[in-house]
Amino acid sequence: MDGDSTADVLSFRDLGPLEVRRAGTPVALGGTRLAAALSLLLVNAGRQVSVDALTEAMWGTDSPARSPSTLDSHIWRLRKALEPGRRPGAPSAVLVREPGGYRLVADPATLDSRRFAALAAEARALLAAGRPHEAGRAAEQALALWRGRPYPTVADEPWATAAVARLEELRDQLRELLVEALLAEGAPERALLEVGAAVAETPLRERLWSLRMLAQHRLGRPEEALRSYRQVRAVLRDELGLEPGPELRELHGRMLAEDPALAGPAAPARPAPPVPPPRSAAPEQRAAPRPVHLPHRTASLVGRARELDELTRLVTGSRLVTLVGAAGCGKTRLAIEVARTVADRFPDGVWFVDLTAAGDPVTVLSTVVSALGFAPADTDRPADALRAHLRDRRALLVLDNCEQVLDPVADLVDDWSSGATGLTVLATSREPLELDGEQLHRLGPLLLPEGDDDVTASPAVALLLDRLAAAGADREDLGLLSAVVRIATAVDGVPLALELAAARARAFSLDEIAHQVTADPSSLARTGRGSDHHRTVRAAIEQSYALLPADEAELHRAASVLPGPFTVTAAGAVLGGPDAGPRPGTATADLVARLVHHSLLVPLGPARPGGPSRFAQLATVRGHAAHAAGADTPALRSLRDGWTTALTLAKPPLGSMAETAWFDALDDDLPTLRATLQYLLVEAPSAEGVRLAGRLGTFWYFRSKTIEGRTWAERALEAEHLADPLSAALVRLTLAHHLSSGGQDDLAAGHLAVAADLLDGTAEARSRTVAEVQALLAHSLVVAGALEPARAVAGSVAAAARAGGGDADLALLAETCAALVDSGAGVLTGARLTALHGRALALGNVHVALLVAGMAVVAAIRSGDAAAALSWSDRMIGHRLVLGTSDGPVAFELRGVATAMAGRAQEAVRLFAAARTQALRNGLRWPAFEATPDVLRDVTAALDPGAAERARADGARLTLADVVDPTGAVPAPA
């Protein structure tokens, strides 16, 4: 493929986290520096960007001077990502080299920010021309491109701020324009929904408040409109010390005077699309209305703008499109809206065929014939007559609910498709028809709120708010949003469940509804008149379940005890009876794949690069599965907990590469591990739960989950009386480690004393299991400055080594703990550290190598050797990465001190910001070292305030992998 053709299929999604796609497939950019460079090129698309500007964007203003070849090598990598098929030596069609810089060549139609601006201009022009409906559609298309703050990782850089601010202002203007268009076409209900979310996000834009008041007034809610005026007046006074502007004051006065001109236009009836005359008619002959036979839907379609656009494109360009998804995901509603949208493309009509009641080929055919109103002349061969009837028609058939008659439908559609035909079929099903030429579109639940984003931007929340408003809920209630998010999350954003939950608002409070759906979202049911189709969520899923073979039905039920993403291994563990043992992986994988095919499992992909794929039941599906499992649930839960216990107790030696694989396995099925701990420590406290909690300390620590680990350890204390002395002591030691790591070494002392009493006189007191936990504890005590308790713990490890009969690993742990105490006392030599590090690598103990590298960084800092400190820091961070963690507050803090010693103030501020962010996130001590505050103050003072703030913001996002490449920093273990 040459450069030109590559450029044609590239698209750049820059309204939110930067994404590049080639023919719809994501393109990996290969790091933050390349993403920063591409962001700068996109901001200036079509214009040259200088070499200096690119260098600054990639390495910052204070980075050391870079040679032109360094930049060129990075540009080469960027070109490689964007144009993988470009021949060596061929000119780039996307990233052009010019004298003094580079220029990105991109069709504006492939760049979201340019499409966004163009659609905004089109919407403004249409509204000014008195075409509000078209203006609103253009505005909605533009807003659908918005996925969040543009270029978020570099948005605060000087070269990006103006462009980001312009796009954010354009988005705010578009939201206002959309509301104006809705009001102008007589749709104040939709206008009020749109403006409510915008006001919540930008409460100081007076224009939005004016539009909100106008929408409320036109809906016959004058008291709400006047209350809105009082609200905006209070907001402006509190925030700006100003009174409302003239537009708001004038509108307020006109409302008080009951100005009839504020009534606005009546809601117009949507005109039928223009119909071309029949092919045989004379040009001047008026065409008959195009037949459109679709169910009437009064409720608006919410949150599916992107899917509507994609399906519109597919249906107008393909002969067969199948909309596949789980029960309740809104396939029927979306298919109807797609058909209505494209009706003008099908001059011979659009028909909807509901196959819910069909059960065999005969009823499928008769249902289609009845829906079309077709009376076949040849009653002996109705299928042939129907095919002949449809052959020359440019028509659209929506075949709804095909899953229970999949084979008859597939045969019928295949028959229609033989030979030339103008017929298009849009099918909805829970699995594909699997015909040649079939275009699949998988429909999932509506997206839920993420992170700190505005929750009202979530399609799931938007739908629930819309339906609650229709049910009479008070949108001014301050507790509304919190309850709405809980409900939407509990049902995984499944539209049917959201609709049914909203219908309960007439009888229950939102808190009560949230409790009900959290307990069992599959129990939701219709509360009034309406179609029997999908009257309950559980019945909708039962249709799919009833068609499953026995082995697939067994997995469906068994997966109900795996509440979250799970692997094939976990699924196999809960199949079969207590004596059956785990199923072979290939057999379970086949069952999992078939449930995905039936839309009863959702594929989520791996949690980490190179990890196993994970799967999940939607909350509504899991509710059905639990109901179907019934009395078998305790046995299934026992299988789950037995598998989790076996995995936990199979912990390899501390610091070995096998331990990292163990960490990965626990992470891959973390929701299952949490479910087991919840049951064994909270729901039915047991000795087994305490046993697990005492053996997970290294996992919580090295996978940056120390707050969660401390919580489980505290839970285990409540059941300590049920456990054996070793398990109880391990919980105490683990909790002491978490407390001392968080700067609460005084609280740790009590747990140390109890653990010593529990182990006193037992054979386990000198076991390797205890010694490994004590090694972690010794390190946290030394960092906390508690040298005497650390010395006592080191003595216990040394006693274990003596009792170990020459165990080289135990001896290494004992020497490391002694070195930690000496390091805290400042009497550790560099030669001793070098030798200890070499032994750790020779024995393959990455944890000891990490501890020794950390001590070496401290020793180099004390001696004033910045180069040695940075060199050991590289190794320290590399070891943590090998152990599989991206966080490391102590490693960042030490590197910050060493970098400050090297005179790199801005980089030091970044590193300290990373250390602080990660320490607070993990409940760890900040700062960990006494000298840090003085160093941080000095490096911050060396920067201007703006540069310091940017460095802090950048640092808050850093991971260890951004600082050191482990392949070059860590010698391979022997």
Side-chain angles (χ1 to χ4, degrees), residues 492 518-520 522 545 551-585 587-589 591-592 595-596 600-602 604 607 611-619 621-651 662-696 699-700 705 708 711-712 715-716 719 722-723 727:
D492 281 337
T518 300
D520 182 7
S522 73
Y545 175 71
D551 52 357
E552 294 176 32
E554 179 190 4
L555 177 56
H556 171 72
R557 296 189 301 271
S560 65
V561 297
L562 304 175
F566 57 84
T567 63
V568 168
T569 304
V574 296
L575 283 172
D579 301 323
R583 294 284 179 90
T588 307
L591 293 177
V592 167
L595 287 186
V596 170
L600 287 170
L601 281 181
V602 178
L604 301 175
S613 292
R614 299 169 308 140
F615 306 87
Q617 289 176 322
L618 294 174
V621 174
R622 188 165 61 252
H624 174 277
H627 181 77
D632 293 335
T633 297
L636 293 170
R637 187 169 52 229
S638 179
L639 288 171
R640 177 199 70 194
D641 295 344
W643 174 76
T644 306
T645 299
L647 175 61
T648 301
L649 297 181
K651 179 190 175 304
W662 181 71
F663 292 158
D664 287 340
L666 291 173
D667 254 338
D668 291 335
D669 279 299
L670 184 56
T672 301
L673 172 63
R674 287 170 174 156
T676 293
L677 290 170
Q678 174 71 16
Y679 183 72
L680 296 179
L681 288 176
V682 180
E683 297 171 27
S686 64
E688 197 69 4
V690 180
R691 190 181 181 203
L692 289 183
R695 288 160 174 81
L696 287 166
F699 170 68
W700 302 125
K705 299 177 177 69
E708 180 176 358
T711 300
W712 288 121
R715 287 285 192 181
L722 302 173
S727 295

F699 and L670: CA distance, side-chain angles, deciding distance, side chain to side chain contact (heavy atoms under 4.5 Å, CB included) verdict: CA-CA 11 Å; F699 170 68; L670 184 56; 4.0 Å; yes

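- One N or O on the side chain of W662 and one on the backbone of L647 form a donor-acceptor pair closer than 3.5 Å.
- We find the CG-CG distance between L677 and L673 to be 4.5 Å, quoted to the nearest 0.5 Å.
- For F566 against A616, the heavy-atom pair with the smallest separation is CE2-CA, 4.0 Å.
- Going from atom CG of L681 over to atom CZ of R674 covers 14.0 Å, rounded to the nearest 0.5 Å.
- With rounding to the nearest 0.5 Å, the separation of CG in L575 from CG in L639 is 9.0 Å.
- Looking only at distances, a side-chain donor or acceptor of D492 sits under 3.5 Å from a matching main-chain atom of A619.
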Derivation of the side chain to side chain contact (heavy atoms under 4.5 Å, CB included) call for F615 and L562: CA-CA 10 Å; F615 306 87; L562 304 175; over 6 Å; no

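- Counting only residues at least two apart or on different chains, no salt bridge (charged side-chain N to carboxylate O under 4.0 Å, His left out) pair has a member in residues 622-647.
- With rounding to the nearest 0.5 Å, the separation of CG in D669 from OG1 in T569 is 7.0 Å.
- Across all their heavy atoms, D668 and R614 have their closest contact at O-CD, 3.7 Å.
- A distance of 12.0 Å separates CG in L604 from OG1 in T567, rounded to the nearest 0.5 Å.
- Side chains of S686 and R691: no donor on one and acceptor on the other come within 3.5 Å.
- Rounded to the nearest 0.5 angstrom, E688 CD and L649 CG are separated by 6.5 Å.
- The shortest non-hydrogen separation linking L722 to A687 is O-CB, 3.2 Å.
- Heavy-atom minimum distance, V621 versus L600: CG1-O, 3.6 Å.
- G564 and P671 get closest at one heavy-atom pair: CA-CB, 3.9 Å.
- Classified by interplanar angle (parallel below 30°, tilted 30° to 60°, perpendicular above 60°), the ring pair H556/H624 is tilted.
- Residue R695 qualifies as enclosed at atom CZ: its count of foreign heavy atoms under 6.0 Å is above 12.
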Side chain to side chain contact (heavy atoms under 4.5 Å, CB included) between V602 and Q617, intermediate numbers included: CA-CA 6 Å; V602 178; Q617 289 176 322; over 6 Å; no

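- The minimum heavy-atom distance between A629 and T633, with the atom names listed, is CB-OG1, 3.7 Å.
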Verdict with reasoning, W712 to Q678, per side chain to side chain contact (heavy atoms under 4.5 Å, CB included): CA-CA 9 Å; W712 288 121; Q678 174 71 16; 3.8 Å; yes

